[in-house]
Amino acid sequence: MSTPYPFTAIVGQDDLRLGLLLNAVSPAVGGVLVRGEKGTAKSTAVRALAALMPEVSVVPGCRFSCDPVSPDPACPDGPHAEAAGVSRPARTVELPVGASEDRLVGALDIERALSEGVKAFEPGLLADAHRGILYVDEVNLLHDHLVDLLLDAAAMGASYVEREGVSVRHAARFLLVGTMNPEEGELRPQLLDRFGLTVEVAASRDTDERVEVVRRRLAYDDDPEGFAARWAEEETALRERIAAARALLPRVVLGDGVLRQIAATCAAFEVDGMRADIVMARTATALAAWAGREEVTADDVRQAALLALPHRRRRNPFDAPGLDEDKLDQTLDEAGPQQDSDPGDDDPDPGPDGGGDGGGGGGVPPQADGDRTPPQASEGGDTPSQAPEGSPDAPGRSAGAEQQPVAAAEPFRTKMLSVPGLGEGAAGRRSRARTAHGRTTGAARPQGALTKLHLAATVQAAAPHQRARGRSGRGLVVRRDDLRQATREGREGNLVLFVVDASGSMAARQRMSAVKGAVLSLLLDAYQRRDKVGLVTFRGKDAEVALPPTSSVDAAAARLESLPTGGRTPLSAGLLKAHDVLRVERLRDPSRRPLLVVVTDGRATGGPEPVALAGRAARLHQAEGTASVVVDCESGYVRLGLAGELARELGGTAVTLDELRADSIAGLVKDVTAAGRAA
């Protein structure tokens, strides 16, 4: 077994270490989500935490880690007779992103259940993680159905496996730790809320600190055992401090004044539900125990807020997580006792700018406060409202020249755009697909292990052979050849590739703002439907891939926000660039079907025969069967209908910006099909 990197040898990352240690002190805090760029010791810290966790006492021979003092009465290995427990280290169980449902919750032998009437159950990772740590690396890439199972187990403290009326239940209480790189996509809000705390990590920009990180890592790689031995004393001291804090935790007092501060803080930051209040209370209590105190203070509440609230304030995937620390300090002051200062206190009261840091750490850098710094001209420059003549924002600027990016209009709920036919791609919420979950549509012989039994088809296959098999009792004699797998239909996620016209014909500020608002709305829809997205823009003389296909929808929104406009309209270049992107993606992920969304007014200028070139490029997509939709951005009383013609060349459909809204006309679902093709 390899020697883990010592927890105490990690350089910096104070917030990360504190979040993990608070969960070690009080598992009731609810776990921690670690967000940050790659190469920032996220996984190293989580794996190192296991060595600091106190040992657990378990019933000998129990595969579900029952506590001998209070064993689970519904344990599949029970009931347990009274016996002395055996101690073992707390486990850290890693859940791979590509794990199957059976690997997570366990597998039930359906054949033995039907033929013998016994519950032959093989425990999964949730059983292994009971009373330990369940670690999910790249948790944002986990399949939706596995996320749902995690949510259920985390909420109920138990895992249920049910197959055709046969049910197995076992306890599953664990410390949930997830790590993720936000560039690869965000988490569903429901799963975000299940993590008690969140911390943001980033590589240090301090030269000396980076040198020390490299020095320690090289020393560990050269001699892991020797390196761990040099940190053994610090590890022992930290382990003893965790044990002492755990022992002190039940005696920590959470006063009414502190509870009022917690409630006021959660109300001021408009977090949903009551889980934030409960998590803050538990975190503040753990902070006091970690500091060796028996009473929670306002500083504990402040630190708890910085750890427990940032990820609960997001309203959509484009909101940056964070907390306004000035507002936090003001809220705590207003909700705190009116007379809590000591005349002999040497510390001055905090000034208007927030004064002391209240303990520091525990959160992300404060967000910019629009009320704090009024807009004013920069040195030697102009305010936005006083743009000099000839600048991109000046009145009368030519539509053909490059203009500064404009802000997107308010996003709205869009119609559902789906790919026709039946796919077999990654689980999602957009297009119809054969999936492991969904409504049952038929039965087939299982290919490999049986996962979803079709009971009626199995009985029908076994029934004609009962006499030949010597059936004498009431039970059905079932053989493996009789088993039938249920075929199911659900929804898949698609690759939604946006091709956005950023040319001069789109450059009117009000018009481009509406266009960006529409694309932003489609991006939000793609996030909710678990799609991958890509962004191609065209303007001037060529097209570029502004964002290669990714699961990070907020990265696409950021690219869109900074998109400049102006110049000619190389429509053919945009379509050809999209064709290249889709060709590569078909090789990389052949099961994920693409949906091409072209946002344009349909005009094509620049170069010889631009309209004919655009038509030929569009027919390339039609020949390959790419589902497509054209969002017609043409405005004004006189309309040329060029976007509709482009849609016909693509073999798709065209919708106007107004028709894109879900509530614009009757019928909320619009399949992307060729004109006249049956759905």
Side-chain angles (χ1 to χ4, degrees), residues 59 61-64 66 71-81 98-128 143-146 148-149 152-153 156 158-172 421-425 427 432-492 591:
V59 174
C62 178
R63 298 174 297 167
F64 301 87
C66 280
D72 180 10
C75 176
D77 285 355
H80 297 296
S100 66
E101 178 181 340
D102 284 348
R103 184 72 187 97
L104 177 63
V105 301
L108 190 64
D109 191 331
I110 300 296
E111 183 179 5
R112 291 190 62 193
L114 287 176
S115 59
E116 302 176 27
V118 297
K119 296 180 181 179
F121 182 70
E122 185 65 29
L125 295 177
L126 290 180
D128 293 341
H143 288 299
D144 269 3
H145 69 285
L146 296 183
D148 293 335
L149 292 171
D152 290 342
M156 299 183 293
S159 174
Y160 292 85
V161 182
E162 297 191 14
R163 301 282 168 80
E164 306 297 341
V166 181
S167 177
V168 173
R169 174 211 168 275
H170 65 82
L422 197 62
E424 296 181 348
R432 293 173 54 213
R434 298 183 187 90
T435 61
H437 303 271
R439 64 185 183 91
T440 300
T441 58
R445 290 182 181 273
Q447 302 295 322
L450 178 71
T451 55
K452 299 291 183 181
L453 178 75
H454 194 296
L455 183 58
T458 299
V459 171
Q460 187 176 11
H465 309 290
Q466 296 305 295
R467 180 174 296 178
R469 292 172 183 173
R471 173 185 170 186
S472 57
R474 299 179 61 184
L476 188 68
V477 181
V478 179
R479 301 285 185 262
R480 177 164 294 276
D481 289 343
D482 302 328
L483 299 179
R484 295 294 183 268
Q485 176 87 18
T487 57
R488 303 194 174 195
E489 182 180 311
R491 293 281 172 176
E492 68 177 357
S591 64

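Residue Gln466 places its CD atom among more than 12 non-hydrogen atoms of other residues, nucleotides or ligands, all under 6.0 Å distant.
Contact annotation: the side chain of Thr487 never approaches that of Thr440 to less than 4.5 Å [non-hydrogen atoms, C-beta and beyond]. At least one side-chain heavy atom of Cys62 sits less than 4.5 Å from a side-chain heavy atom of His80. Put simply, the side chain of Pro79 does not reach to within 4.5 Å of the side chain of Pro73, judged on heavy atoms. Using a 4.5 Å cut-off on side-chain heavy atoms (C-beta onward), Leu149 and Glu101 make contact. For the pair Arg445 and Arg484, the minimum side-chain heavy-atom distance is below 4.5 Å.
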Open item on the list: side-chain contact (heavy atoms from CB on, under 4.5 Å) for Tyr160 and Val168? Distances and angles first, verdict last.
Closed with: CA-CA 6 Å; Tyr160 292 85; Val168 173; over 6 Å; no
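For the residue pair Ser159 and Ala172, the shortest heavy atom distance occurs at N-CB, 4.1 Å. The minimum heavy-atom distance linking Ala433 with Glu424 is given by the pair CB-N, 4.3 Å. In terms of heavy-atom proximity, His454 sits nearest to Ala457 at ND1-N, 3.1 Å.
Between atom CG of residue Leu146 and atom CG of residue Leu125 there is a gap of 10.0 Å, rounded to the nearest 0.5 Å. In this structure, CG on Asp481 lies 11.5 Å from OG1 on Thr458, to the nearest 0.5 angstrom. Between the CD atom of Glu122 and the CZ atom of Arg63 there is a distance of 6.0 Å, given to the nearest 0.5 Å.
Between Asp482 and Arg469 a salt bridge is recorded (basic side-chain N to carboxylate O distance below 4.0 Å). Using a cutoff of 4.0 Å between basic side-chain nitrogens and carboxylate oxygens, Arg169 and Asp72 are scored as salt-bridged. With respect to the salt-bridge test (charged N to carboxylate O, under 4.0 angstrom), the residues Glu489 and Arg432 qualify.
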